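A note on names: the letters A, B, ... follow the listed sequences, proteins ahead of strands, and every chain is numbered from 1. Predicted, not measured: the structure shown is a model, and the values here were computed from it.
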Amino acid sequence: MAGAFVKKLKRGLFMTHTEFLEKVGETFQRTGPVEPQHLDRLETALIAADAGVELSMSLVDGLRDEIRKGRLTTTEELRPAVRRRLLELLQAAENAEPIDLSNEKPRVTLLVGVNGTGKTTTAAKLAKRRMDNGATVLLAAADTFRAAAVEQLQVWARRVGVPLIHQHQGADPAAVVYDALASAKSKGFDEVLVDTAGRLHTHSNLMKELEKVRKVASREVAGAPHEVLLVLDATTGSNGIEQAQRFGATVGVSGVVLTKLDGTAKGGVILAIADTLGLPVRWVGVGEDADDLLPFDDEDLVDALLEVEA
Amino acid sequence: MLESLQERLARVTKTLRGEGHLTEFHIDAALREIRTALLGADVSVDVVARFIERVRRQALGEEVLSSVTPAQMVTRIVHEELRMLLGEKTVDLDFKGYPAVVMMVGLQGSGKTTNAAKMACWIKEKKGLFPLLVPADTSRPAAREQLLILGEQAGIPTIDSRDMDDPEEIARKALREASIKGYQVLIFDTAGRLHIDDELMGQLQRLKGILKPKHILFVADAMTGQDAVRSAKAFHEQLDITGVVLTKLDGDARGGAALSVSEVVGRPIVFAGIGERLGDLEQFHPDRMAGRILGMGDVLTLVEKAQNAVDESKAKRLEAKMRKNRFDLEDLRDQLSSLKKMGPLKQVMEMMPGMDKMMPTGGVNEAQERQLRRMEACIDSMTPRERRHPQILNGSRKKRVAKGSGTSVEEINRLLRQYGQMRKLMKRLGKADPRQLKRQLGIG
């Protein structure tokens, strides 16, 4: 699986990649002592990858520190040092938020996020993956706000062959979730995946609605929701941090799904999210087919970002 | 959390305050902060570099005037440059044509379909033209159903293309339909795509050939990061886009993408999406956006919103009363109810200069909105005479009002206190010279 991830990622990464290299490649490739402008260039390159101003600055400050202490002297050592730091960051987040492995049935996963990040598509892809692993899965169409969102999920559900619980547009999403959980319990489903309506995290009434969905889930199934995945568009800039924070405060996000990685953006904001909120990435969306959802691999992502030879 | 661009620049100008003249040292310090602020707002790295260079050249060339502070000077230069970048004035799109075709293009999830519908509403209401919506996103499941439903909600005729799988065929059908039935504007929704997808880009080009659009609008998400430049550039190179629609501006994204896209494409941002409802679309005002970024507040937008919400005659009466300092509780009630009509309090407050600093972190919450409703209830429970002459409210009257409105005497006292403060403020505003007021707001 990891191989496929790298391949898909690399294809998409190509553009970002060359731009990153334009800014920092020469530094990585040269030999000799590290000069201040090398670090400046590295900082800019990180910012250009959406890693965020604060993280990029503190990361480079950390390198300056190592140089001052004599632990880092030549440019050859620069790349491994950056790689190590980025990996540490991602791994710390993974350790901070371990996957809930309880055997509760049904296992409930909520997909949340702002408008247009790909929640509905991700719900279907995730259902497919879980079914491929032998689980019985039920989808709940709790996006009752967006016009034709239910129809969209219906098409996907047919495509991947997963049963779907839905009501009419404008219905109470909590009621849809209630129905889905009742049905899953009586029929003995292993998993329930809940697609929710996209909402900007600044609209507090809509966030309240999401809170209600969560409450209903936890009332109906012990320990639910077992996973709350924030679906994040890879093109998102620093606002991704605010999104993760606000959704986290409302429904307790446990991980991130990074979508649309098949474009040119590589979702560097997840570095900042891992750094400030300790939130790990669980899945990456790399294409438009039902199979284009892959488990996240931190080494692959960092390597793809820092690799010198394409 | 990260400071907003407004706060950062406010801090820059604060460090510059009190300096008598502008030295290279000052400029460098300010530019460093501005650079960080712009990068923090997700403006593209390259765009920031060019922007900073232009501001530096401007600032160094500027003759130091004794009448302005260095802070004002730098702010003015930055403001001017931002305005140049965002486009110099509001663009009023021309929808004349037989029909005028508008093509919506952009990345997946940027909001093309929703904004196609919003724009149709806008064109119908503000321009009095007859638009036709054309759903031609044949790749995303149920995208055409979505536009059909939105069209129905908005009362805009929409082509039912659900059984057609070829966007080019849909385009030809739409053109025929428009010419037979006399629709004046044709809004064509296309499939979202990733710009590296040559096949889909080719399809867009063929559609352009068939439709001969008057406008090709690139729909951009205000929350986009550094990628904004790349996608805008790719679409522009392939399609020669004529304008930009910036969506999801009602979020808290600092919207650096707006600057990046404008700079790279060199085409104006024409519309801004500001909410979930079909009416939540407005013309983009570059000067206001620049002002907003610099913490000057979005006074003009506020005024316009107020104009829509406030009853014209009531507004005139209020103005007269303000001038005579005869503002009473009845006027306060009108104010409160029109404030409600203007939208969530948070949005309104953000537009007012200085208000962003007065707002509690996290914005105005519902508790405060609820408090406003209670204030309204208090006033509703008063007699007309009490509203016009609040000074007659003695202890027993207050008790009666509290009982009638389900509030307490303390709340009524608080209301009266706030009313007193407002009155004082209005008195001052009423006397202020408009030019001086403008200068205080930094827009003169």
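- Atoms CD and CE, on A:E242 and B:M223 in that order, are 11.0 Å from each other to the nearest 0.5 Å.
- Within residues 117-124 of chain A, no residue has any heavy atom less than 4.5 Å from a heavy atom of chain B.
- A distance of 11.0 Å separates CD of B:E276 from CZ of A:R146, quoted to the nearest 0.5 Å.
- Listed for the A:T44 side chain is no donor-acceptor partner under 3.5 Å among the backbone atoms of B:V45.
- Screening residues 104-113 of chain B for side chain to side chain donor-acceptor pair (under 3.5 Å) gives A:E288-B:Q108, B:T113-B:R140, B:T113-B:D189 as the qualifying pairs, with residues at least two apart or on separate chains.
- Applying the side-chain hydrogen bond (donor to acceptor under 3.5 Å, both in side chains) criterion to A:E209, with sequence neighbours excluded, gives A:R199.
- Distance CG/A:N115 to OG1/B:T247: 8.5 Å, rounded to 0.5 Å.
- In terms of modelled atom types and a separation under 3.5 Å, the side chain of A:T235 and the main chain of B:D227 share no donor-acceptor contact.
- Neither the backbone nor the side chain of A:V150 comes within less than 4.5 Å of any heavy atom of chain B.
- Identified by a heavy-atom distance below 4.5 Å to chain A, the contributing residues of residues 146-155 of chain B are B:Q146, B:I149, B:L150, B:Q153, in residue-number order.
- Proximity of a side-chain donor or acceptor of B:K248 to a complementary backbone N or O of A:L200 within less than 3.5 Å is not detected.
- Most heavy-atom pairs under 4.5 Å with chain A, from the set B:A142, B:A222, B:A49: that is B:A142.
- For A:L206, the part sitting under 4.5 Å from any heavy atom of chain B is the side chain, from C-beta outward, and nothing else.
- When every heavy atom of B:D42 is checked against every heavy atom of A:N239, the shortest pair comes out as OD2-N, 3.9 Å.
- Side chain of A:D50 to backbone of B:Q226: a donor-acceptor contact under 3.5 angstrom is found.
- A heavy-atom distance below 4.5 Å is not found between the side chains of A:Q154 and B:P141.
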